[in-house]
> 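Pasting a structure below so you can have a look.
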Protein chains: 2
Amino acid sequence: MMDADQTISDRIQEKLDDMTRAERQLALSILENYPASGLGPLAALAKGANVSVPTVARMVQKLGYKGYPEFQANLRDELGAIAKGPIAKHETWAEAAPSEHILNRFTEAVIENIRSTLAHIEPDAFDKACDLVADQNRHLYIVGGRITHTLAEYLFLHMQVIRPNLTHVQSTSNTWPHYLLNAQDGDVFVVFDVRRYENNTLKLAEMARARGATIVLFTDQWRSPVHRLADISLSSRIIVPSAWDSAATTMLLVESMISAVQILNWEKTKDRMEELEDIFDNTKLFRKFT
Amino acid sequence: MMDADQTISDRIQEKLDDMTRAERQLALSILENYPASGLGPLAALAKGANVSVPTVARMVQKLGYKGYPEFQANLRDELGAIAKGPIAKHETWAEAAPSEHILNRFTEAVIENIRSTLAHIEPDAFDKACDLVADQNRHLYIVGGRITHTLAEYLFLHMQVIRPNLTHVQSTSNTWPHYLLNAQDGDVFVVFDVRRYENNTLKLAEMARARGATIVLFTDQWRSPVHRLADISLSSRIIVPSAWDSAATTMLLVESMISAVQILNWEKTKDRMEELEDIFDNTKLFRKFT
DNA sequence: ACAATTGTGAAAAATTTATCACAGCCGGAG
DNA sequence: CTCCGGCTGTGATAAATTTTTCACAATTGT
């Protein structure tokens with residue numbers, strides 16, 4: 001009947017596919033902080049998952065327990081069993097995998113990158129960069145290279161919703177000189193240039209600079225040559241156990257910037273976002289649920 | 001008043017000397033199977049320690065708690081904190097900035113996302129996904145949506161170097177049905193679909209499935225509806241203090257996959273990479289030195 | 001529009017907690 | 001040896017909390 005060797009976590013994950021929205025919401029909430037959240041009162045669990053009390057009661061029974069207390073008892077037993085085994089510390093990230101697994105090694109490197117990047121960053125510079133990017137009076141150019149244009153576009157896509165008056169430039173394309181014709185004093189260039197620094201990007205930055213534009217640079221720890229032209233440089237550590245460099249940390253900075261700019265521009269943005277919602281509704285581009 | 005950094009275990013051990021017989025008996029029983037035994041009903045704890053109910057009630061109050069429920073609540077909190085591990089405890093990441101600074105709050109959220117994602121991922125599924133993506137006999141289609149096409153392209157750009165026989169499809173474009181004409185049994189679709197799941201992406205996945213293709217899905221913790229069609233789903237936690245969701249964790253998985261596939265295909269890739277180097281040299285796209 | 005899912009509010013049932021008074025026990029002091 | 005004082009268990013009970021269940025309304029997807 002009930003598989004004894006199976007943890008409640010396993011059992012929940014297994015049924016995750018057959019669950020309805022509220023149930024899944026609840027299930028994920030339980031797994032989120034496992035097993036602590038399941039050991040409190042039923043009502044607290046429901047509240048934490050933003051689900052109604054009956055939903056919890058119903059699901060517990062669907063999972064095969066006579067009632068919530070029985071469910072808790074099993075969780076406690078499980079907990080007791082764990083404690084006796086190896087120490088439950090997070091030695092590895094993906095616990096089911098050995099620590100030499102690429103997932104764990106890679107993750108460890110990324111965490112280290114983040115730590116190091118954040119330790120060296122100047123919050124003032126970051127804030128200034130955000131102010132510049134948020135300023136709707138300045139035209140915003142976002143520039144990426146061969147690989148980094150994906151980051152540039154990620155920033156561009158979000159900025160497009162937050163503010164008007166911006167352009168995405170791909171420095172590897174041969175059309176970029178056209179964009180520069182319109183650049184003027186006071187405009188802002190957000191430039192991405194990481195290892196394997198690109199000549200085109202440098203040239204573009206030089207010309208932008210010559211036209212009196214302000215340059216915000218996302219680069220790596222060794223810094224693109226563009227940094228000499230940049231008013232603000234934000235560098236990330238990008239080392240991972242791979243033949244390639246990691247963009248994950250730069251992505252984190254970019255997303256933080258998006259969030260910060262969003263907040264700075266919230267009043268102006270609100271309407272734009274609502275309009276966007278309407279358009280999405282009309283085009284049925286997105287699904288509402290499940 | 002109450003030392004916050006002290007675990008209940010510490011606190012009990014500290015007072016162990018000043019305790020009476022029954023209390024000590026109870027205390028040792030709690031520590032015996034810590035913290036599981038303390039999370040059950042009071043009566044069960046009393047029975048387990050061979051002491052009376054009032055003894056437990058009395059001691060809990062002596063330890064400084066208003067009542068048994070409060071004691072339990074603290075135990076649960078402690079348990080939750082342990083599970084998060086040492087890295088998540090970081091007070092501030094950018095030390096020069098206050099902990100309320102967006103950089104710190106954002107980073108903390110991303111770290112938590114990474115932790116939670118890695119804790120729930122199935123390494124076997126990940127490995128299988130990498131094998132599929134590395135298999136050069138299968139045509140590889142990489143599919144992204146409105147925002148996620150940047151991730152898709154990031155994967156595509158790297159895969160392009162590592163292996164031949166692949167296509168980048170943007171599900172929001174209206175040209176994707178053309179690509180499907182060529183899809184056949186055994187081909188692999190890597191699909192990106194995160195919150196604000198897109199109808200086009202779902203349709204595309206359905207058709208791919210109908211044509212006998214294998215689907216690897218990158219999604220969020222709530223899972224795109226595509227996951228029912230997918231052979232392998234890799235879900236990331238994407239919650240950050242922002243109006244938007246975070247792609248940083250998904251990026252980490254993608255980069256791990258790139259690294260893993262790179263290793264699997266190293267023999268075959270080596271030549272391709274050298275060729276690429278030559279081309280880059282000839283086009284002088286990159287700078288040799290700073 | 002229909003069927004399934006979920007939330008609301010409430011009430012009843014069950015369990016758990018907190019106390020109390022009292023009796024028994026134990027060790028040590030006299 | 002006896003008495004004393006503190007500790008502990010018993011059994012009972014009241015209070016508080018928690019669980020369980022209901023009927024019905026609201027929501028949402030098909």
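Just so it is clear: chains get the letters A, B, ... in the order the sequence lines come, proteins before strands, and each one is counted from 1. Hydrogens, waters and symmetry mates play no part in the numbers below; they use all other heavy atoms, side chains included.
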> Taking only Lys NZ, Arg NE, NH1 and NH2, and the carboxylate oxygens of Asp or Glu, determine whether B:Arg138 and B:Asp187 approach each other closer than 4.0 Å.
no

> Determine whether the aromatic ring centres of B:Tyr141 and B:His139 lie less than 6.0 Å apart.
yes

> Distance only, no hydrogens: is a donor on one side chain within 3.5 Å (strictly under) of an acceptor on the other, for B:Glu78 and B:Tyr34?
yes

> Return the value, rounded to whole Å, for the distance between atom CG of A:Asp18 and atom P of C:dA4.
17 Å

> In whole angstrom, what separates A:Leu26's CG from C:dT5's P?
16 Å

> With a 4.0 Å cutoff (strictly under), does any side-chain N or O of A:Thr20 reach OP1 or OP2 of C:dT6?
yes

> Checking contacts here: which listed nucleotide (D:dT10, C:dT6, C:dG7) is nearest the side-chain heavy atoms of A:Val51?
C:dG7

> How long is the line joining CZ of B:Arg24 and P of D:dC7, in whole Å?
13 Å

> Using modelled atom types and a 3.5 Å cut-off, is there a donor and acceptor pairing between side-chain atoms of B:Asn113 and backbone atoms of B:Ile239?
yes

> Rounded to the nearest angstrom, tell me the gap between atom CD in A:Glu23 and atom P in C:dT5.
8 Å

> In B/S/- notation, 5' to 3', how is nucleotides 10-29 of chain C contacted by protein heavy atoms closer than 4.0 Å?
------SSSSB---------

> Any salt bridge linking B:Asp231 with B:Arg209? Criterion: basic side-chain nitrogen under 4.0 Å from a carboxylate oxygen.
yes

> Distance check needed: C:dT6 C1' versus A:Lys47 NZ, whole Å only.
19 Å

> Taking the basic N atoms (NZ, or NE/NH1/NH2) and the acidic carboxylate oxygens, is any pair closer than 4.0 Å for A:Glu23 and A:Arg58?
no

> For B:Glu122, look at atom CD and say whether over 12 heavy atoms of other residues, nucleotides or ligands are found less than 6.0 Å away.
no

> Should B:Thr55 be listed as having a side-chain N or O under 4.0 Å from OP1 or OP2 of D:dC7?
no

> Send over the distance from A:Phe71 CZ to D:dT18 P, rounded to a whole Å.
17 Å

> In whole Å, I'd like the distance from the CZ atom of A:Arg21 to the P atom of D:dA26.
17 Å

> Can you measure B:Asn199 atom CG to D:dT30 atom P for me and round it to whole angstrom units?
10 Å

